[in-house]
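For reference, the structure is listed below as C-alpha cells.
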Amino acid sequence: MANSSLFNKFMGSSPYVELFIRYLYWNNINFFLRFAKKKHINTKFVNFSKVSDYLKDVGISSGDLLLVHSSYGNLKCVKKSPIEIIEELKNIVGENGSIAMPAIREYEEEPNLRNYLKTDLSETVCTYDVYNTKVITGVLPATMVKMSESVVSKFPLNTMVAIGKLAKPMMEDNLKGDLPTACGVHSSWKFCLDNNAYLVGLGTDLSGSLTMIHVAEDILDEKSTEELSGLPL
C-alpha cells in the first residue's frame, strides 16, 4: 500500500509527469509485456444482472446516454454474447436512452494512424469505409457497427458508434466546420459531454482509456483556429 501511495503521489505531482510516463509506457509496450507475470485465475460465472443492478444503483436509468468502454475478453465470466450484452445495456436505458462506444479504426494504408498526434500524415491518404474498416477498440463496438440500428461517425479519427434516440444527432454534424477535429466542437465526443453521458467501463480500467480527455484540447484548438482565421496574414 505504501508503494502504491508513493506512486500515486509521484504521478499526481504534475500532469507532465503522467504524460511522460504514459508516453514511455505505450511506446515500449511490447518490451514491458515481456516482464509481465502471468496470473492463473479461476474464472467464476458472474450473472450480468449484478452489473445491471450496479449501474442502476449509481443512478443510470431510462433515457440516459451511456459512453461504454469495454474489453470483451474480460467479460467471458458473464457468459453472454456481444449482442446479448448490448441488449442488456439497451434494456437499462430504455427506448429513450442511447448507447455509444468508441469504434476507432485501423487503416491498411497507415496502420499507425492511431498515433496521429505525433505522426506526420501530410502525405497520407486512407480509405475509410464507415461500416467495414476494421475496428480496433474491441468486440462490442465492432459488433455494434454491424447492427442495423447503429449510426457511425463519418469522421475517420476517434470514430464512435451509437444506437438509440441520440445516435443520429450525435453523428450528423461531425464533419461540420472548416477544420473539424476528432474530439472538437461538432464531434460525437463533445456531444456526449454536452448530453451528460455516463462513462461506463465493462471489463476495462477507465483510467487507461483516456476516454474524454482530448475534448478540451480539440475544442480549444478549433476555437483558436476560428479566431485566427479572421486575422490578416
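Residue numbers count from 1 along this sequence.
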Rounded at 0.5 Å granularity, tell me how far CG in Leu166 sits from CE in Met171. 10.5 Å

dist Leu157:CG -> Arg105:CZ (nearest 0.5 Å) comes out at 11.5 Å

Show every salt bridge (charged side-chain N to carboxylate O under 4.0 Å, His left out) that has at least one partner inside residues 185-199, sequence neighbours left out. Lys190-Asp194

Side chain to side chain donor-acceptor pair (under 3.5 Å) with Ser153: which residues, sequence neighbours excluded? Asn174

Nearest 0.5 Å, please: how far is CG in Leu199 from CE in Met212? 6.0 Å

For Val139 and Leu75, run side-chain contact (heavy atoms from CB on, under 4.5 Å): C-alpha distance rounded to whole Å, both residues' side-chain angles, the deciding distance at 0.1 Å, then the answer. CA-CA 11 Å; Val139 175; Leu75 295 173; over 6 Å; no

Are the side chains of Ser70 and Pro141 in touch, meaning some heavy atoms are under 4.5 Å apart? yes

Is any side-chain heavy atom of Val200 closer than 4.5 Å to a side-chain heavy atom of His69? no

Any Met144 side-chain heavy atom under 4.5 Å of Leu89 side chain: no

Would you please name every residue forming a side-chain contact (heavy atoms from CB on, under 4.5 Å) with Asp173, sequence neighbours left out? Lys176, His186

Name all residues meeting the side-chain contact (heavy atoms from CB on, under 4.5 Å) criterion together with Lys165; count only those two or more places apart in sequence or in a different chain, and write none if there are none. Asn96, Ser98

Nearest 0.5 Å, what's the CD1-CD distance between Ile136 and Glu106? 5.5 Å

Exam field: side chain Asp64 to backbone Ser61, donor-acceptor pair closer than 3.5 Å: yes

Pairing residues for Ala142 by the side-chain contact (heavy atoms from CB on, under 4.5 Å) criterion, not counting sequence neighbours: Val135

Might you work through the side-chain contact (heavy atoms from CB on, under 4.5 Å) test for Cys183 and Asn158, ending with a clear yes or no? CA-CA 7 Å; Cys183 300; Asn158 275 20; 3.5 Å; yes

I want to check something: taking the side chain as every heavy atom from C-beta on, are Val152 and Met160 in contact at a cut-off of under 4.5 Å? no

Which heavy atom of Val68 sits nearest a heavy atom of Ile99, and at what distance? CG2-CG2, 4.0 Å

Output the distance between atom CG (Leu202) and atom CG (Leu66), rounded to the nearest 0.5 Å. 9.0 Å

Under 3.5 Å, which donor-acceptor pairs do the side chains of residues 77-85 form with other protein atoms, sequence neighbours left out?
residue: Lys80; atom: NZ; partner: Glu88; partner atom: OE2; Å: 3.3
residue: Ser81; atom: OG; partner: Glu84; partner atom: N; Å: 3.2
residue: Ser81; atom: OG; partner: Glu84; partner atom: OE1; Å: 3.4
residue: Glu84; atom: OE1; partner: Ser81; partner atom: N; Å: 2.8

So does Ala197 get a backbone contact from the side chain of Asn195, meaning a donor-acceptor N/O pair under 3.5 Å? no

Test Cys192 against Met170 for side-chain contact (heavy atoms from CB on, under 4.5 Å), laying out the working first. CA-CA 8 Å; Cys192 286; Met170 182 185 299; 4.0 Å; yes

Hits for salt bridge (charged side-chain N to carboxylate O under 4.0 Å, His left out) against Glu149, two or more places apart or cross-chain, chain-then-number order -> Lys90

Taking only residues two or more places apart in sequence or in another chain, which ones pass side-chain contact (heavy atoms from CB on, under 4.5 Å) with Leu175? Lys154, Phe155

I'd like to check the side chain to side chain donor-acceptor pair (under 3.5 Å) partners of Ser71; sequence neighbours left out, ordered by chain and number. Asn74

Any donor-acceptor pair under 3.5 Å from Ser150 side chain to Met147 backbone: yes

Tell me whether the rings of Tyr128 and Tyr107 are parallel (<30°), tilted (30 to 60°) or perpendicular (>60°). perpendicular

Say you draw a straight line from CG of Leu67 to CG of Leu206; how long is it, rounded to the nearest 0.5 Å? 9.0 Å

Walk me through whether Thr159 and Ile104 qualify under side-chain contact (heavy atoms from CB on, under 4.5 Å). CA-CA 5 Å; Thr159 308; Ile104 298 172; 5.7 Å; no

What pairs of donor and acceptor atoms, side-chain ones from residues 48-57 against any protein atom, are under 3.5 angstrom apart with sequence neighbours left out?
residue: Ser49; atom: OG; partner: Asn47; partner atom: OD1; Å: 2.8
residue: Ser52; atom: OG; partner: Phe48; partner atom: O; Å: 3.4

Could you note down all residue pairs passing salt bridge (charged side-chain N to carboxylate O under 4.0 Å, His left out) where residues 136-147 supplies at least one of them, sequence neighbours left out? none

